[in-house]
Amino acid sequence: MSLFFKNIIRFVLILFIQIFVLNKIPPLHQFIVPYFYFVFILWLPFKIGRTPLLFIGFATGMLTDMFFKTPGLHAAACVLIAYVRPFLINLLLPKEATDWGNEEPSKKTMGSMPYATYLIFLTLLHHFYLILLEWMQFGSFFYFTGKLIATSLVSILLIMITDLFLNRKSKLR
């Protein structure tokens, strides 16, 4: 199966899970909201260019915004992580590791600690920006921080559980 069709199927499945499963879970006092859709951007191949990555991030966010009825919030957060992703990958991996072609970021290709750093940093960045845009004020710093940490922990847990069950074929590091 070509990489293009594989990623389209992955995108549809991830969006389906976010919209028809995770959105049906009532938020815990509007405090914890599980977000999973942005993992599509995180799992794109290393070799994807910056411009296509930004367009994919924008499209992912806008499609999610259509279902959440939030004009541009998720698109802004997805474009931000799509912009930061190549810089973070260049910081975490040696140059020859990112020249593998169609390899995807995973525990096998990056190693455990760089992959965990990659996931945690981009998840926190996505959630920080999204929650900040939803809220647009710092009225209660503890509420903001609590929501950021709780939502990020749930999302990271979902990503790691999914990563355990999916067998994404990659070269070993």
Only one of Ile14, Leu13, Ile8 forms a side-chain contact (heavy atoms from CB on, under 4.5 Å) with Arg10, so which one is it?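 Checked Ile14, Leu13, Ile8 against Arg10; only one passes side-chain contact (heavy atoms from CB on, under 4.5 Å): Ile14.
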For His74, which of Tyr35, Phe38, Phe67 qualifies under side-chain contact (heavy atoms from CB on, under 4.5 Å)? Tyr35
[X] with [Y], same ILVMFWY side-chain cluster at under 4.5 Å:
| X | Y | result |
| --- | --- | --- |
| Met66 | Met62 | yes |
| Leu91 | Leu53 | no |
| Leu63 | Phe16 | yes |
| Phe20 | Leu158 | yes |
| Val33 | Leu153 | no |

Give the minimum heavy-atom separation between [X] and [Y], together with the two atoms involved.
| X | Y | result |
| --- | --- | --- |
| Ile48 | Pro45 | CG2-O, 3.3 Å |
| Asp65 | Pro71 | OD2-C, 4.3 Å |
| Gly57 | Cys78 | O-CB, 3.1 Å |
| Ile19 | Lys24 | O-CE, 4.2 Å |
| Ile81 | Leu122 | CG2-O, 3.6 Å |
| Leu130 | Ala77 | CB-CB, 4.2 Å |

Who passes ring pair (Phe, Tyr, Trp, His ring centres under 6.0 Å) against [X], sequence neighbours left out?
| X | value |
| --- | --- |
| Phe87 | Tyr83 |
| Phe36 | none |
| Tyr118 | none |

Roughly how far, to the nearest 0.5 Å, is the [atom2] atom of [Y] from the [atom1] atom of [X]?
| X | Y | atom1 | atom2 | result |
| --- | --- | --- | --- | --- |
| Leu93 | Met110 | CG | CE | 4.0 Å |
| Leu80 | Leu125 | CG | CG | 4.0 Å |
| Ile32 | Ser152 | CD1 | OG | 10.5 Å |
| Leu92 | Thr117 | CG | OG1 | 6.0 Å |
| Leu148 | Tyr143 | CG | OH | 12.0 Å |

Is there a side-chain contact between [X] and [Y] (heavy atoms, below 4.5 Å)?
| X | Y | value |
| --- | --- | --- |
| Thr162 | Trp43 | yes |
| Asn23 | Gln18 | yes |
| Phe46 | Pro105 | yes |
| Ile56 | Phe11 | no |
| His126 | Ile41 | no |
| Leu157 | Pro34 | no |
| Thr109 | Tyr115 | no |
| Met160 | Leu164 | no |

Does the side chain to side chain contact (heavy atoms under 4.5 Å, CB included) test come out yes or no for Leu119 and Ile156, once each step is laid out? CA-CA 7 Å; Leu119 277 182; Ile156 290 168; 5.6 Å; no
Tell me, yes or no, whether the heavy-atom count around Phe68 atom CZ, taken from other residues, nucleotides or ligands under 6.0 Å, exceeds 12.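 For Phe68, atom CZ is crowded (more than 12 foreign heavy atoms under 6.0 Å).
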Pair Tyr37, Leu22 - check side chain to side chain contact (heavy atoms under 4.5 Å, CB included), show working. CA-CA 10 Å; Tyr37 68 93; Leu22 296 176; over 6 Å; no
